[in-house]
2 protein chains.
Amino acid sequence: MVEFKDYLVLFRQNGYRLTSQRTALLQTLTDHKGEHLSARQITENVRSRDQNVDTATVYRTLELFTKLHIVNEIKGATGISYQIVPVGDKHNHIVCEECGTTFDYSSQYLEGLRTMLVQDLRFELHLEHSTLSGVCEQCQTNVSLEQYGNQRLLSRRTHGT
Amino acid sequence: MVEFKDYLVLFRQNGYRLTSQRTALLQTLTDHKGEHLSARQITENVRSRDQNVDTATVYRTLELFTKLHIVNEIKGATGISYQIVPVGDKHNHIVCEECGTTFDYSSQYLEGLRTMLVQDLRFELHLEHSTLSGVCEQCQTNVSLEQYGNQRLLSRRTHGT
DNA sequence: ACAGCTATTGCAAATAGTCGCAATAACAGA
DNA sequence: TCTGTTATTGCGACTATTTGCAATAGCTGT
Ligand SMILES: [Mn+2]
Ligand SMILES: [Mn+2]
Ligand SMILES: [Zn+2]
Ligand SMILES: [Zn+2]
């Protein structure tokens, strides 16, 4: 309650209101700091505290929180997930296209890119929440990669059993 | 038909088959090279050539093509869109969080990041298809930005009309 | 050209996510 | 504390995306 004073200020400053539903969402998200929660998981958890919050409200709230940078929207292999923005632990995500694992890495890696984009394109990159993809170390060795033009291929040769 | 020989090889090599539906998809996508098409647009266009392709097939095909890097999946402000991978014109996307515009920029900007991730984390980044977000030049000047902790806020002060 | 194997498809049913709207509840101002 | 304004919510309807399964059609080998 009193912990969310910062959020309350943030809401007020932008013309939004702090409702019981939003508080429930914040509670759920902070309780699972560091985890990647799906919309469904969030809905269920929120409902365990505030009986009948509608899914529409959850989605609308998640969208708002994302705009306000209260949460990060992460597009992993299993779909979209959310996590409260980790203060003091700014990290971004890279997803392995082979095994689907999501890895964290420091935002510092993006500083160079950020600088270049600002200089050349005047575009101010937000580096608190991005998801890039590629192939992790393990999958690079396990899998026999091949070339097709300039692109990597799937390793899988046969389907089914 | 004969143009898609490369894709046929790609399919075969990985145990996939070149069906009439996949050909229709390829046709549609190449016809709109450079554009960002929604699943709906693709479905409609595909149906104009191959009467009754089901939406399920379209989604499944799009997923396959994405895995094979035949198409890029782009998450813009209006939702998800697809485009056939542009050979010789490798570019990535940055979306403005304010106005929703999607901008293209050369993959070269990501080379530095790619090198670092390989060296430090042994993660092989795929830089043919990424979408980052931030604020474009126009919105930076138009909008009065404020600070909250370390994060940028929305500009909007009041809602409604 | 034919046969067998199995990847792929359409269909239908299930989920997930979105939207308009009238009722409600924050909140700024008195 | 009371009041007016309007952001927000729940609900129902709607659209989008996913999934299981039996029928179909690529493809490889003969
Ligand atoms: Mn994380
Ligand atoms: Mn583009
Ligand atoms: Zn992996
Ligand atoms: Zn903009």
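In what follows, chains carry the letters A, B, and so on, assigned in the order in which the sequence lines appear, proteins first and then strands, with residues in each chain numbered from 1.
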Measure from the side chain of [X], starting at C-beta and using heavy atoms only, and say which of [options] lies closest.
| X | options | value |
| --- | --- | --- |
| A:Arg40 | C:dA16, D:dT19, D:dT6 | C:dA16 |
| A:Tyr16 | D:dT8, C:dC27, C:dT9 | D:dT8 |
| A:Asp54 | D:dG12, C:dG10, C:dA25 | D:dG12 |
| B:Arg17 | C:dT6, D:dT9, D:dT28 | C:dT6 |
| A:Leu18 | D:dT28, C:dC27, C:dT9 | C:dC27 |
| B:Thr57 | C:dG10, D:dT9, C:dT18 | C:dG10 |

Rounding to a whole Å, what distance do you find between [X]:[atom1] and [N]:[atom2]?
| X | N | atom1 | atom2 | answer |
| --- | --- | --- | --- | --- |
| B:Arg12 | D:dT28 | CZ | C1' | 9 Å |
| B:Asp50 | C:dG10 | CG | C1' | 12 Å |
| B:Gln21 | D:dG26 | CD | P | 8 Å |
| A:Phe4 | C:dA26 | CZ | P | 16 Å |
| A:Leu26 | D:dT8 | CG | C1' | 15 Å |
| A:Leu10 | D:dA7 | CG | P | 17 Å |
| A:Phe11 | C:dA28 | CZ | P | 14 Å |
| A:Phe65 | D:dT8 | CZ | P | 11 Å |

Pair B:Asp120-A:Tyr109, side-chain donor/acceptor within less than 3.5 Å: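 Distance-only check passes for B:Asp120 and A:Tyr109.
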Donor-acceptor pair between A:Asn45 and A:His32 side chains, under 3.5 angstrom: yes
Residue pair B:Ile70 / B:Leu26, side-chain heavy-atom distance below 4.5 Å: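 Counting from C-beta outward, B:Ile70 and B:Leu26 do come under 4.5 Å.
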Spacing of CG belonging to A:Leu37 relative to CD belonging to A:Glu44, to within rounding of 0.5 Å: 11.0 Å
Where A:Leu125 and A:Arg114 come nearest, the two heavy atoms and their spacing: O-CD, 3.9 Å
Donor/acceptor link under 3.5 angstrom from B:Arg60 side chain onto base of C:dG10: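 Such a pair exists between side chain and base.
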Under-4.0 Å side-chain N/O to phosphate OP1/OP2 contact, B:Thr19 with C:dT9: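 It does, given that an N or O in the side chain of B:Thr19 lies less than 4.0 Å from OP1 or OP2 of C:dT9.
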First encountered from the 5' end of DNA chain C, between A:Leu8 and B:Asn52: B:Asn52
